[in-house]
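Here the structure is laid out as structure tokens; the discussion comes afterwards.
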2 protein chains.
Amino acid sequence: MTTLSRVRRRLLTVGPASRPRSLAFISSGMIAVQRGCLCMGIARSSNSVTLVDVAREAGVSLKTASRVLNREVSVSSSTLEKVQRAMAHLGYRPNELARGLKARKSATIGMVVKNLADPFAFNAVKAVQEVARVNGYIVILASSGWDPDVERSEVESLIRHQIEGLIISPVGSPKSNFLDIIPPDFHVVTLDQPMRKASFDSVMIDNRRSVRNAVQHLLEHGYERILALSTRPWLHTSVERIAGYRDAMRKAGLESRIALVEHESSITREWLDEVVLKQHKADAVITMNWVCTIAALRGLKHNDKRLRKDVAFVSFDDFDLADMIHPTVSAVRQPTEEFGYEAARLLIQRLKGTGPKTQQSIVLPTRFIARESCGCKPLNEDDARSPAKRVGLIAKRQ
Amino acid sequence: MTTLSRVRRRLLTVGPASRPRSLAFISSGMIAVQRGCLCMGIARSSNSVTLVDVAREAGVSLKTASRVLNREVSVSSSTLEKVQRAMAHLGYRPNELARGLKARKSATIGMVVKNLADPFAFNAVKAVQEVARVNGYIVILASSGWDPDVERSEVESLIRHQIEGLIISPVGSPKSNFLDIIPPDFHVVTLDQPMRKASFDSVMIDNRRSVRNAVQHLLEHGYERILALSTRPWLHTSVERIAGYRDAMRKAGLESRIALVEHESSITREWLDEVVLKQHKADAVITMNWVCTIAALRGLKHNDKRLRKDVAFVSFDDFDLADMIHPTVSAVRQPTEEFGYEAARLLIQRLKGTGPKTQQSIVLPTRFIARESCGCKPLNEDDARSPAKRVGLIAKRQ
DNA sequence: CTGAAAGCGCTAACAG
DNA sequence: CTGTTAGCGCTTTCAG
């Protein structure tokens with residue numbers, strides 16, 4: 001019998017503090033079987049072995065048991081062993097919630113993303129979870145679904161659950177606002193987007209430069225009627241990326257052609273036909289994000305437009321199987337897992353009090369993956385492979 | 001001044017219990033400003049407004065404030081309003097951890113997946129999180145990375161954090177074992193795979209039948225040297241799927257051709273060339289899971305093998321852009337979001353005590369999406385679209 | 001090196 | 001309808 005029930009132990013080892021309470025306790029919904037070998041707790045059934053029980057079993061005080069639990073040094077090896085044996089024997093499981101209540105730490109970090117189905121999000125989440133685990137933290141995951149109200153209430157919920165820090169990829173809409181519910185010196189790391197009017201740590205890329213470089217690449221191939229395609233143009237990332245596009249076009253003395261839609265559902269075959277092909281007579285298209293890419297790719301295909309032959313194509317955001325589409329799709333690759341990795345590292349540094357006290361802004365490098373759709377012949381097969389090859393991999397560091 | 005600090009309130013309203021402790025408290029790292037309008041908590045800075053504070057501010061007892069917090073009915077509208085105003089004024093934030101300690105519920109469910117980068121996993125997680133949110137639960141996410149030991153320790157960690165229920169897609173390896181650390185009447189729902197020697201609720205598909213149907217489809221196209229390709233053949237899902245393959249082949253009086261590898265990294269171009277093409281002279285390939293598909297697709301492409309022309313192809317697991325590869329890839333589609341949705345529904349029903357008491361096993365339907373790689377002309381464009389179109393969508397029900 | 005006592009922020013039992 | 005009292009399971013002073 002490894003897991004003696006609470007009642008059993010209470011009955012058997014009344015101990016020094018057998019106050020009236022014991023009786024009241026027993027009468028309130030427990031069954032005590034006399035035979036002494038089988039006891040069932042009905043009320044608080046599962047796993048109610050507490051540190052008190054451990055201490056009693058080991059014949060030490062509660063505090064001593066607590067010391068063992070917390071690996072404090074000042075415990076003689078004999079008591080240490082006694083307590084550990086008691087823990088094992090009883091099948092003791094510390095209650096992290098109770099632990100956190102007094103100690104004011106929950107060993108929990110919160111993470112909020114916009115859409116888990118976006119490769120950016122799940123790769124980041126994956127890395128965050130991995131780093132958190134190694135450092136003894138768990139992560140509560142929430143998803144805003146691009147809704148500022150949901151975002152706000154999710155953050156609120158996380159705070160109520162006493163997260164020690166927050167990693168968030170903010171919706172970033174003008175209406176998005178949760179700064180007022182963040183406690184003053186709370187640790188927050190933003191991903192992908194910065195927060196207006198806030199000075200949180202952040203992990204981002206140089207959106208503007210990344211797009212500028214990509215557009216320059218298209219220009220070098222001789223395309224001139226390059227069209228930038230973006231959803232949610234009010235997003236900080238969109239704004240920056242479009243600025244990068246403009247930079248490159250302006251420098252080349254060419255007219256900017258920009259097609260913006262609020263939501264990817266607007267990017268239909270007909271719309272592409274009308275706007276991209278008829279209106280702008282684009283000879284190349286560069287998308288500003290993943291959903292855009294998927295929508296445009298699908299729409300163009302159904303238009304019987306062949307990538308590169310009729311219109312060159314560059315995607316912002318690389319994706320699985322970009323190297324399997326014909327022609328293979330050139331893309332700006334963000335280091336999605338690194339995002340999560342760095343964010344978690346920043347946050348945990350803060351929580352542990354190691355690392356710098358000043359605001360940290362990490363800017364991660366992107367890479368232009370030249371495949372065929374931009375007009376190139378891919379040179380390095382490894383580079384050209386889509387992110388799929390990294391499935392299951394997390395950069396191991398630290 | 002909406003957020004008065006704890007010290008301030010302690011100093012101003014000493015109340016009945018002004019024990020020596022108060023002094024010690026103040027001396028240990030707080031700054032009290034005399035002017036009476038500005039106070040800063042240094043020690044326990046953020047958000048330490050408690051229900052006691054609210055009660056005091058509202059001039060009611062702790063319990064009454066608690067009643068308001070819990071929306072209990074027996075509160076007069078005048079006190080209700082008083083308390084609510086006090087809460088708003090103080091910027092009160094309930095501590096869910098403390099709440100859970102006494103009430104023995106954490107409003108938290110745990111979820112463990114094998115690999116978050118797998119479309120199956122993130123779609124399921126997404127749905128679980130959504131359903132949990134709507135029902136007032138938060139979800140702690142963990143990932144086993146296919147490692148039984150990690151899986152076990154993650155489950156252990158979740159239990160320590162007092163999750164009320166667990167949704168897990170088990171590693172399912174022979175060494176995988178965490179049953180002994182699950183408390184007796186704990187609520188668990190398994191996803192994708194069942195647990196040996198356990199009678200948890202589960203959400204699965206009919207793997208055997210799904211594959212049998214797909215193979216039969218290939219047979220109807222006249223292929224005879226159909227090869228089944230699988231990783232991790234010891235997995236329950238793999239076993240079932242391979243059984244389905246055998247069923248169909250046997251029924252057709254054809255020889256089964258099965259190529260198994262432990263890990264997808266074995267599926268190289270050379271390996272495919274040797275095993276699939278030279279050794280088996282396969283005229284069709286059916287993969288048994290997503291990683292297999294990606295690896296095989298990539299390997300075949302680099303072999304200058306054209307899908308359908310040289311070898312037909314069916315993928316178990318549909319994927320984004322399956323309709324963008326040339327030829328488009330036929331696939332067995334699992335309802336990935338439904339998995340999560342149903343699992344969460346089952347679990348929350350259990351937690352709330354609604355719904356049946358007996359073990360529930362939900363078997364979700366799959367669909368064969370006939371595109372071109374199996375030899376078909378796709379009929380319905382909508383069906384043929386890859387799952388990408390569903391980005392951002394969650395089935396709203398209940 | 002060890003223990004007793006006092007809570008963390010909240011809910012629950014039981015009176016009024 | 002409201003308040004009092006006793007904890008949830010743990011950590012934390014502060015004494016030995």
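Throughout, protein chains are lettered first and strands after them, A, B, ... in sequence-line order, and every chain is numbered starting at 1.
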Taking only the side-chain nitrogens and oxygens of [X], find out if one of them lies under 4.0 Å from OP1 or OP2 of [N].
{"X": "A/Thr50", "N": "D/dG9", "value": "no"}
{"X": "B/Thr64", "N": "D/dG3", "value": "yes"}
{"X": "B/Ser61", "N": "D/dT4", "value": "no"}
{"X": "B/Ser76", "N": "D/dT2", "value": "yes"}
{"X": "A/Arg104", "N": "C/dG9", "value": "yes"}
{"X": "A/Asn70", "N": "D/dT11", "value": "yes"}

Any B/Val54 side-chain heavy atom under 4.5 Å of B/Leu69 side chain | no
Heavy-atom check, side chain of A/Gln349 versus side chain of A/Leu347, under 4.5 Å =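 Side chain of A/Gln349 against side chain of A/Leu347, heavy atoms only: no contact under 4.5 Å found.
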Provide, to the nearest angstrom, the distance between the [atom1] atom belonging to [X] and the [atom2] atom belonging to [N].
{"X": "B/Ile159", "N": "D/dG9", "atom1": "CD1", "atom2": "C1'", "value": "17 Å"}
{"X": "B/Leu69", "N": "C/dC10", "atom1": "CG", "atom2": "P", "value": "7 Å"}
{"X": "B/Glu81", "N": "D/dC1", "atom1": "CD", "atom2": "P", "value": "16 Å"}
{"X": "A/Leu51", "N": "D/dT11", "atom1": "CG", "atom2": "C1'", "value": "10 Å"}
{"X": "B/Glu72", "N": "D/dC1", "atom1": "CD", "atom2": "P", "value": "12 Å"}
{"X": "B/Asn95", "N": "C/dC10", "atom1": "CG", "atom2": "P", "value": "6 Å"}
{"X": "B/Glu96", "N": "C/dT11", "atom1": "CD", "atom2": "C1'", "value": "13 Å"}
{"X": "A/Leu101", "N": "C/dT11", "atom1": "CG", "atom2": "C1'", "value": "12 Å"}

Name the closest nucleotide to the [X] side chain, picking from [options].
{"X": "A/Ala103", "options": "D/dT12, D/dC10, C/dT11", "value": "D/dT12"}
{"X": "B/Arg67", "options": "D/dT11, C/dC10, C/dC14", "value": "C/dC14"}
{"X": "A/Thr79", "options": "D/dC1, C/dC10, C/dT2", "value": "C/dT2"}
{"X": "A/Arg99", "options": "D/dT11, D/dC8, C/dC10", "value": "D/dT11"}

Starting at the 5' end of DNA chain D, which residue's closest nucleotide do you reach first, A/Ser66 or B/Lys102?
-> B/Lys102
Any chance CD of A/Glu81 has more than 12 other-residue heavy atoms, nucleotides or ligands included, within less than 6.0 Å?
->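 Counting neighbours around CD of A/Glu81, 12 or fewer heavy atoms of other residues, nucleotides or ligands fall under 6.0 Å, so no.
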How would you label the contact of A/Leu62 with the nucleic acid (heavy atoms, under 4.0 Å): base, sugar-phosphate, or nothing?
-> base
Heavy-atom donor-acceptor pair, B/Gln359 side chain to B/Phe200 backbone, under 3.5 Å | yes
Just by modelled atom types, is the A/Ala107 backbone N or O under 3.5 Å from a matching donor or acceptor in the A/Glu164 side chain?
-> yes
Partner of A/Val83 under side-chain contact (heavy atoms from CB on, under 4.5 Å), chosen from A/Val68, A/Leu51, A/Val75 |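 Exactly one pass, corresponding to A/Val68.
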Quick one: does A/Lys63 reach the base of C/dA4 with a side-chain donor-acceptor pair under 3.5 Å?
-> no
